[in-house]
Amino acid sequence: MEKFANLTTSEKKEFPMTYDCIIVGGGLAGMQAGIQLGRYASHKVLVVDSEDGRSTLCRNYRNLLGYPGGVSGETIRQAGRKQLGDYGIELVRDRITDAEHLTHDRGFRLRGADGAIYETRTALLATGVMDRLPDWPGLLPCLGLSVFVCPDCDGYEIRGRETLVLGSGDVGANMALTLLQWTDRLLYLRQEDAEHPLSPELAQRLAAAGIPHRVAPVRAVMAADDGAMTGVVLQDGTELAAGRAFVAFGGNEVRSQLAGRLGARLHENRHVWSDPRTKMTSVPRLWAAGDIAFHSEQATVAMGEGAQAAIWIHKALLEANEAAE
């Protein structure tokens with residue numbers, strides 16, 4: 001690990017290492033896949049992490065087995081990186097910007113942001129999804145603690161509490177309607193967005209459900225030092241008190257560009273199709289796991305898919321080795 005990590009970019013261009021598997025993405029799916037492959041102790045594996053995924057932002061995952069009080073994404077990432085090292089899995093910080101098929105052995109060549117070249121017999125894409133979040137001061141320290149993005153993950157955290165829905169158009173309206181199963185103390189503060197208007201139909205549904213809504217541009221999120229939200233400040237200086245909020249703007253970035261470049265089948269929403277059993281994409285020797293895959297975007301599901309993909313990557317590598325003998 002250290003030997004390759006310490007090479008200069010020009011050296012990586014001139015002397016690219018060939019791996020049995022490169023995992024693009026060092027979030028929950030990618031690290032879990034790396035750990036699983038490491039436990040076979042027979043493959044040379046590299047995890048390439050750009051360090052800007054969802055797990056770097058979430059301050060608290062509360063719906064994980066064994067963590068009733070929650071655990072931060074950074075805590076999981078630190079533990080995961082140590083486990084990867086313990087199993088001899090290499091880890092580098094880079095952003096893969098391009099990918100192509102090799103002309104031999106049906107492998108892949110990947111290119112990093114600074115030009116570093118990586119070659120591999122198999123690849124797992126675990127590049128994830130990034131939420132479209134406003135740049136309000138005070139927002140990021142609250143994510144996963146008092147401000148949430150996923151009702152399936154964190155709707156439980158607002159049960160019976162006053163909650164703001166901060167979003168735009170129909171996306172925010174649908175979020176508010178979904179949250180009714182946990183609380184009816186909701187206020188939808190619409191952020192003006194010409195590309196995402198509120199349809200008359202959704203406006204009527206909000207009214208019928210008794211959910212007030214109004215256009216109220218937010219300037220900042222108010223919060224204590226521990227990430228406990230206390231309210232928001234509007235553009236006109238008005239302060240609205242609230243201890244919980246959901247953010248719902250739509251337009252999240254599905255990071256499936258590499259999959260598309262390699263010819264993998266994509267759904268209309270840009271998520272990557274993969275075989276339900278093996279997690280391999282429509283491209284041989286290319287797998288996908290985690291939030292870029294077509295599934296519910298849950299931390300536990302991402303880890304499970306990473307492990308499942310790794311099992312089948314291991315099988316494919318064994319078969320290739322036997323065929324070459």
Side-chain angles (χ1 to χ4, degrees), residues 54 57-64 67-70 129-134 136 138-140 142-193 195-223 227-234 238-252 254 269 271 291 294-302:
R54 277 175 163 171
L57 297 179
C58 184
R59 297 283 303 282
N60 208 11
Y61 290 101
R62 289 188 176 91
N63 61 336
L64 297 183
Y67 293 97
V129 171
M130 180 50 65
D131 301 277
R132 187 165 72 98
L133 298 171
W136 298 327
L139 174 62
L140 294 184
C142 295
L143 286 179
L145 291 171
S146 54
V147 178
F148 311 101
V149 298
C150 172
D152 294 315
C153 303
D154 294 309
Y156 181 85
E157 303 302 327
I158 68 168
R159 60 200 188 284
R161 302 186 63 149
E162 290 186 353
T163 301
L164 300 178
V165 178
L166 310 173
S168 61
D170 288 355
V171 175
N174 279 315
M175 176 66 79
L177 291 166
T178 298
L179 295 176
L180 274 174
Q181 55 191 299
W182 289 282
T183 185
D184 59 0
R185 302 169 67 187
L186 296 164
L187 171 60
Y188 175 25
L189 297 182
R190 288 167 50 208
Q191 308 305 295
E192 294 182 294
D193 187 342
E195 295 183 6
H196 299 86
L198 178 63
S199 66
E201 177 188 357
L202 265 296
Q204 291 175 5
R205 290 182 60 190
L206 289 173
I211 301 175
H213 66 95
R214 60 191 176 97
V215 175
V218 170
R219 179 196 301 171
V221 173
M222 300 185 297
M229 175 183 172
T230 58
V232 295
V233 181
L234 304 182
T238 302
E239 296 184 0
L240 295 179
R244 293 287 187 273
F246 266 80
V247 180
F249 285 89
N252 293 345
V254 182
N269 62 6
H271 286 268
D291 289 349
F294 193 64
H295 72 174
S296 57
E297 297 173 14
Q298 291 257 331
T300 50
V301 175

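Between His271 and Val129 the shortest side-chain heavy-atom distance falls below 4.5 Å. Residues Leu240 and Val218 fail the side-chain proximity criterion, which asks for heavy atoms closer than 4.5 Å. At a threshold of 4.5 Å between non-hydrogen side-chain atoms, the residues Leu180 and Ile211 count as touching. The side-chain heavy atoms of Thr238 and Val233, taken from C-beta on, include no pair separated by under 4.5 Å. Taking the side chain as every heavy atom from C-beta outward, Val247 and Asp131 never approach each other to under 4.5 Å. Looking at Phe249 and His196, their side chains never come closer than 4.5 Å, going by heavy atoms from C-beta outward. Met130 is listed as a side-chain neighbour of Leu57, based on a closest heavy-atom distance under 4.5 Å.
Here Leu166 contributes atom CG and Leu133 contributes atom CG; the two are 11.0 Å apart, rounded to the nearest 0.5 Å. For the atom pair CZ of Arg54 and CG of Asn252, the computed distance is 6.0 Å after rounding to the nearest 0.5 Å. To the nearest 0.5 angstrom, Met229 atom CE is 10.0 Å from Phe148 atom CZ. With values rounded to the nearest 0.5 angstrom, Ser146 atom OG is found 12.5 Å from Ile158 atom CD1. To the nearest 0.5 angstrom, Asn174 atom CG is 8.5 Å from Leu206 atom CG. Put simply, SG on Cys142 and CG on Asn60 are 12.5 Å apart, with the number rounded to the nearest 0.5 Å.
Residue Leu64 comes nearest to Ala299 through the heavy atom pair CD2-CB, 4.0 Å, listed as atom of the first residue, atom of the second, then distance. What you find for Leu187 and Pro212 is that their closest heavy atoms are CD1-O, 3.6 Å. The shortest heavy-atom contact between Ala216 and Leu189 is CB-CD2, 3.9 Å. The two residues Ala173 and Leu202 have their closest heavy-atom pair at CB-CD1, 3.8 Å. The two residues Arg62 and Leu145 come nearest to each other via the heavy atoms NH2-O, 3.3 Å. When all heavy atoms are compared, the tightest approach of Val215 to Glu192 is CG1-CG, 3.2 Å.
By the side chain to side chain donor-acceptor pair (under 3.5 Å) test, Glu162 is found to be paired with Arg185, residues two or more places apart in sequence or in another chain being considered.
Of the possible donor and acceptor atoms, one in the side chain of Arg132 sits under 3.5 Å from a partner among the backbone N and O of Gly250. A donor-acceptor pair is defined here as one N or O able to donate and one able to accept, closer than 3.5 Å; no such pair exists between the side chain of Arg219 and the backbone of Val232. Under a 3.5 Å cut-off, the side chain of Thr183 and the backbone N or O of Arg161 do form a donor-acceptor pair.
A 6.0 Å sphere centred on CD of Gln181 holds more than 12 heavy atoms belonging to other residues, nucleotides or ligands.
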Between Leu139 and Val147, is the side-chain contact (heavy atoms from CB on, under 4.5 Å) condition met? List the steps.
CA-CA 8 Å; Leu139 174 62; Val147 178; 3.7 Å; yes

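Seen from the ring of Phe246, Arg244 does not count as a face-on cation partner, given the 6.0 Å and 45° thresholds.
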